[in-house]
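This report concerns only the one structure given below.
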Amino acid sequence: VESSIPEHMREAWRKYSPQGFKTKDEFEGEVVRHIETTLARSLFNCDELAAYSGTSLAFRDRLIIDWNKTQQRQTFADQKRIYYLSLEFLMGRALDNAMLNVGLKGVAKEGLEDLGFRVEDIISQEHDAALGNGGLGRLAACFLDSLASLNYPAWGYGLRYRYGIFKQEIENGYQVEIPDYWLDFNPWEFPRHDVTVDVQFYGWVNKYTDDEGKQVVSWQDGELVTATAYDAPVPGYGTPTVNNLRLWSSKASSGEFDFSKFNSGEYESAVADQQRAETISAVLYPNDNLERGKELRLKQQYFWCAASLHDIVRRFKKTGRTWDEFPDQVAIQLNDTHPTLAIVELQRILIDKEGLEWPKAWDIVTKTFGYTNHTVLPEALEKWSVPLIQNLLPRHLQLIYEINLYFLQQVERRFPKDRDLLSRVSIIEESTPKMVRMAYLAIVGSHKVNGVAELHSDLIKTTIFKDFVTVYGPDKFTNVTNGITPRRWLHQANPRLSELIASKLGGYDFLKDLTLLNKLEPFIDDKDFKKEWAEIKYANKVRLAQHILKTTGVSVNPKALFDVQVKRIHEYKRQQLNIFGVIHRYITLKGLSAEERKKVAPRVSIFGGKAAPGYWMAKTIIHLINKVGEVINNDPEIGDALKVIFLEDYNVSKAEIIVPASDISEHISTAGTEASGTSNMKFVLNGGLVIGTLDGANIEITREIGEQNIFLFGNLSEDVEDLRHHHFYGNYQVDSELQKVFDLIKSGKFGDESAFGALIAAITEHGDYYLVSDDFDSYRKTQDLIDETFKNQEEWVTKSITSVARMGFFTSDRCINEYADTIWNIEPLAVADEKEA
Ligand code: C3B
């Protein structure tokens with residue numbers, strides 16, 4: 001073991017090495033010490049924010065000890081690591097998670113009470129770490145939780161955006177975006193000013209023969225931007241493993257070719273350079289399932305890939321191994337195509353810097369990388385223009401062409417003279433300008449490609465990547481169905497339900513092996529258990545009702561059926577179908593007598609989600625929901641029978657309140673468009689039922705929990721293409737009940753009808769691409785069935801419990817173990833002293 005401290009002096013280190021608090025008294029001591037010295041506050045000016053800060057610092061100290069030990073253990077063990085490259089990590093809050101994962105929330109609760117605070121108030125002081133848009137970013141966060149909880153040696157690599165996803169406010173029914181500056185006080189990150197990488201952009205490529213007659217390729221000039229590492233601890237649940245999430249921050253380099261300007265008196269321009277460099281990691285692109293081809297985004301991608309690869313290679317080289325062993329030490333997973341340049345960058349390092357021959361280098365590269373596809377939507381598939389890459393990354397463009405050449409030669413050998421096939425699979429699209437198809441590059445540069453749910457993985461093999469199945473055979477393509485961490489999405493978000501389950505199963509082992517939930521099934525006839533189950537749901541609904549009252553001023557009845565659709569606003573996710581359904585329900589209610597209306601099952605329709613700032617149609621949907629809410633919520637004839645709520649600024653910490661409080665949640669994408677969906681899993685795990693299409697993971701959820709426990713409707717993915725065709729070439733007619741909805745909107749009932757013209761025209765005039773009209777009838781009828789079923793609470797609770805009992809498959813632990821076995825070939829690193837959770 002190497003150390004700069006001589007052996008005979010290490011005793012002092014060992015003696016004073018901090019242990020971290022364990023008892024309530026020690027915890028209080030740490031909190032007070034941090035508040036008084038680290039924060040320079042006192043008991044006379046300690047508000048909740050200061051108490052949050054002190055508590056976080058106390059827990060942070062504890063985590064650091066295990067974090068350091070984990071990193072040491074992993075370095076000495078010297079076994080293969082997985083590096084998860086993701087442009088998004090939607091972590092949410094860290095304190096509650098840290099408390100639960102180290103098993104000291106009880107201690108903190110009591111300690112904070114002694115100090116005059118309630119633990120819930122302290123937890124809610126924390127600003128969400130919102131470095132992601134939606135499913136893709138939250139999946140990365142769940143994966144980190146599982147990797148640590150299962151003791152895998154794993155690092156996440158991402159960007160440290162100064163601004164996360166914007167905050168959403170609703171003004172006059174419209175979405176307004178507010179910047180999310182989240183770094184004012186962030187106790188969870190550690191700047192590593194000694195861990196920096198200079199990343200090069202622009203410049204030109206010099207190819208020449210050196211004195212010894214060797215071909216040399218050198219990428220010269222351009223500008224350098226420095227990447228500085230910021231590390232955050234990722235604690236596992238009930239284990240001392242604390243993994244590392246490394247995020248890169250950009251600033252102008254003090255290296256070779258920038259700061260000469262200072263010396264020549266160009267101060268302002270040097271400052272401008274500085275700001276330009278800092279812009280790279282300034283802001284998260286707020287698009288979900290949409291790529292716009294902006295140069296700054298490409299800069300972000302290369303900056304992060306180059307810094308991460310440099311870091312990984314540096315760590316590998318310290319082991320003194322030969323390059324052949326690289327894929328035995330390193331697995332890199334590409335979260336979507338955003339990090340595809342990492343493939344080219346590794347090839348560049350091996351060829352240009354380390355002097356390896358092409359075939360050997362390429363063999364190492366392809367053994368190292370795996371690629372996960374998360375979408376088949378054409379507008380989300382990344383393509384970068386050749387001139388853009390040529391200018392920004394001239395050497396990489398050459399390498400991409402070479403990679404493509406070798407690949408096409410290989411295809412040509414196997415399928416001689418199939419010129420069509422060659423042009424279809426070419427990494428370069430022969431358009432004007434030429435484009436680099438990033439997904440194709442990712443496939444060619446990886447040894448495995450996976451989709452995120454069974455249907456999705458089948459679809460990529462038969463549609464967008466069909467030709468690659470021809471070229472490589474089917475084995476390169478595989479499925480790993482997504483999962484969620486039950487620690488955050490059950491134990492943390494729904495502590496009472498978690499406790500009730502633990503009381504029946506004899507402990508919290510189910511949080512580490514979610515299949516144990518099936519031991520709940522024998523209790524479905526247990527009256528007391530069912531009663532408590534229902535009471536917990538009710539209490540969660542009361543809590544959400546309070547939140548709704550506080551944030552919207554609308555009072556909702558917690559006894560009503562809570563129908564929730566929270567996710568990014570997108571036409572393919574079909575919030576428009578939901579709100580049209582709500583309007584139809586309103587029309588029906590208005591047609592009833594007061595007596596009849598009293599017999600109707602009351603319902604609260606709850607929406608939440610952000611629209612990309614440039615996605616006009618999505619913003620129109622938000623506007624309509626809010627306008628419909630204004631009318632219905634203020635209609636005295638309607639009362640409790642129907643309420644429509646739009647919850648502002650949906651994010652991870654709000655999801656933790658909303659998810660446990662749903663009776664029904666909506667996952668109603670046009671079949672074949674939602675790759676998986678993950679909130680569907682969260683809602684069911686919390687005892688909510690689902691209305692959904694046969695899309696993404698809904699299909700597997702149905703298989704696990706049983707058809708009788710889910711409300712399915714709508715056309716199947718195999719029929720979508722024909723229906724779309726029919727819309728244009730058949731005699732297309734809008735569903736007559738949907739037409740009534742459109743007529744009411746057009747009458748001006750919900751304000752200026754012209755505001756909603758495009759939304760209606762998309763269906764009536766422009767081919768109804770998302771099949772809203774085709775699915776409207778079965779959607780409505782299924783909603784009616786839900787009303788009927790909800791009236792029988794006995795049956796409803798049985799469905800709820802049965803579903804939860806059968807959700808074991810959807811833990812991200814299962815998912816991570818599958819990746820580890822079938823794609824990464826990595827093993828957990830045993831930890832001697834497993835702690836009790
Ligand atoms: C999402 C998909 O839209 C979801 O169906 C899927 O569950 C998650 O990824 C996780 O796999 N996705 C996203 O959030 N952003 C993209 N750019 C592409 C897919």
Side-chain angles (χ1 to χ4, degrees), residues 84-90 130-144 146 165 284-293 297 300-301 333-340 370-383 438-439 442 449-457 459-460 464 479-485 489 566-575 609-612 615 618 650-652 655 665-684 692-701 717 770 810 812 815-816 818-819:
Y84 197 78
L85 267 59
S86 179
L87 257 192
E88 304 189 7
F89 287 95
L90 195 43
L131 306 185
N133 278 286
L136 174 136
R138 183 53 231 178
L139 185 76
C142 284
F143 281 7
L144 292 183
S146 284
I165 189 65
L284 166 77
Y285 274 87
N287 303 320
D288 179 270
N289 270 296
L290 181 73
E291 284 296 335
R292 291 184 164 276
R297 169 84 165 182
Q300 289 188 333
Q301 294 185 349
Q333 192 64 24
L334 306 174
N335 198 23
D336 216 299
T337 54
H338 315 148
T340 303
Y371 155 51
T372 306
N373 172 279
H374 293 268
T375 182
V376 295
L377 298 190
E379 65 269 31
L381 296 178
E382 276 190 294
K383 290 178 189 173
M438 300 308 271
V449 177
N450 76 284
V452 290
E454 273 176 21
L455 173 69
H456 170 66
S457 297
L459 282 175
I460 62 177
I464 53 174
N479 172 250
V480 185
T481 298
N482 283 165
I484 55 167
T485 169
W489 295 113
V566 285
K567 50 184 84 230
R568 285 299 288 253
I569 311 293
H570 211 299
E571 285 165 284
Y572 88 82
K573 295 180 190 280
R574 297 202 297 189
Q575 284 91 355
K610 293 171 187 177
Y615 190 174
Y650 177 61
N651 62 13
V652 172
S665 65
E666 308 220 7
H667 309 276
I668 58 176
S669 48
T670 311
T673 62
E674 189 71 278
S676 161
T678 42
S679 76
N680 42 7
M681 303 169 190
K682 295 166 196 168
F683 281 102
V684 179
T693 43
L694 282 125
D695 201 16
N698 291 353
I699 295 171
E700 285 148 273
I701 291 176
S717 86
Y770 297 102
F810 298 99
S812 45
C815 186
I816 285 299
E818 276 182 29
Y819 277 100

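Indexing begins at 1, ligand by ligand and atom by atom, following the structure's order.
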- If we only count N/O pairs under 3.5 Å, is Thr375 in contact with ligand 1? no
- Item | Backbone or side-chain N or O of Gly677 under 3.5 Å from ligand 1 N or O | yes
- Query: Any donor-acceptor pair under 3.5 Å linking the side chain of Glu382 with the backbone of His338?
  - Reply: yes
- Donor-acceptor under 3.5 Å (Asp336 side chain, Asn373 main chain): no
- Query: Any chance the side chains of Asn289 and Thr375 put a donor and an acceptor closer than 3.5 Å?
  - Reply: yes
- If you measure every N/O of His338 against every N/O of ligand 1, is any gap under 3.5 Å? no
- Item | Polar side-chain atom of Glu88 near backbone of Arg138 as donor-acceptor pair, under 3.5 Å | no
- Query: Under 3.5 Å between some N or O of ligand 1 and some N or O of Asp336?
  - Reply: no
- Tell me: protein heavy atom nearest atom 19 (C) of ligand 1, and distance? His374 O, 3.2 Å
- Query: Is any N or O atom of Ala675, backbone or side chain, closer than 3.5 Å to an N or O atom of ligand 1?
  - Reply: yes
- Starting from atom 18 (C) of ligand 1, locate the nearest protein heavy atom and write down its residue, its atom name and how far away it is, to 0.1 Å. Asn289 OD1, 3.3 Å
- Message: Testing the basics here: between Ser812 and Cys142, what is the closest heavy-atom pair and its distance to 0.1 Å?
- Response: OG-O, 3.7 Å
- Contact atoms of ligand 1, heavy-atom distance to Asp288 under 4.0 Å: 13 (C), 14 (O), 15 (N)
- Item | Pair Glu291 + Arg297: basic N to acidic O under 4.0 Å | yes
- Checking Asn133 side chain against Tyr285 main chain: does a donor-acceptor pair fall under 3.5 Å? yes
- Message: Looking only at distances, can you tell me whether any N or O atom of Leu136, backbone or side chain, sits closer than 3.5 Å to an N or O atom of ligand 1?
- Response: yes
- Task: Could you see which bit of Tyr572 sits under 4.0 Å from ligand 1, with heavy atoms only: side chain, backbone, both or neither?
- Result: side chain
- Check whether the side chains of Tyr615 and Asp288 place a donor and an acceptor atom closer than 3.5 Å, and report yes or no. no
- Query: What protein heavy atom sits nearest atom 4 (C) of ligand 1, and how far away is it?
  - Reply: Glu674 OE1, 3.4 Å
- Query: Is it the side chain (CB and beyond), the backbone, both or neither of Thr372 that lies under 4.0 Å from ligand 1, heavy atoms counted?
  - Reply: neither
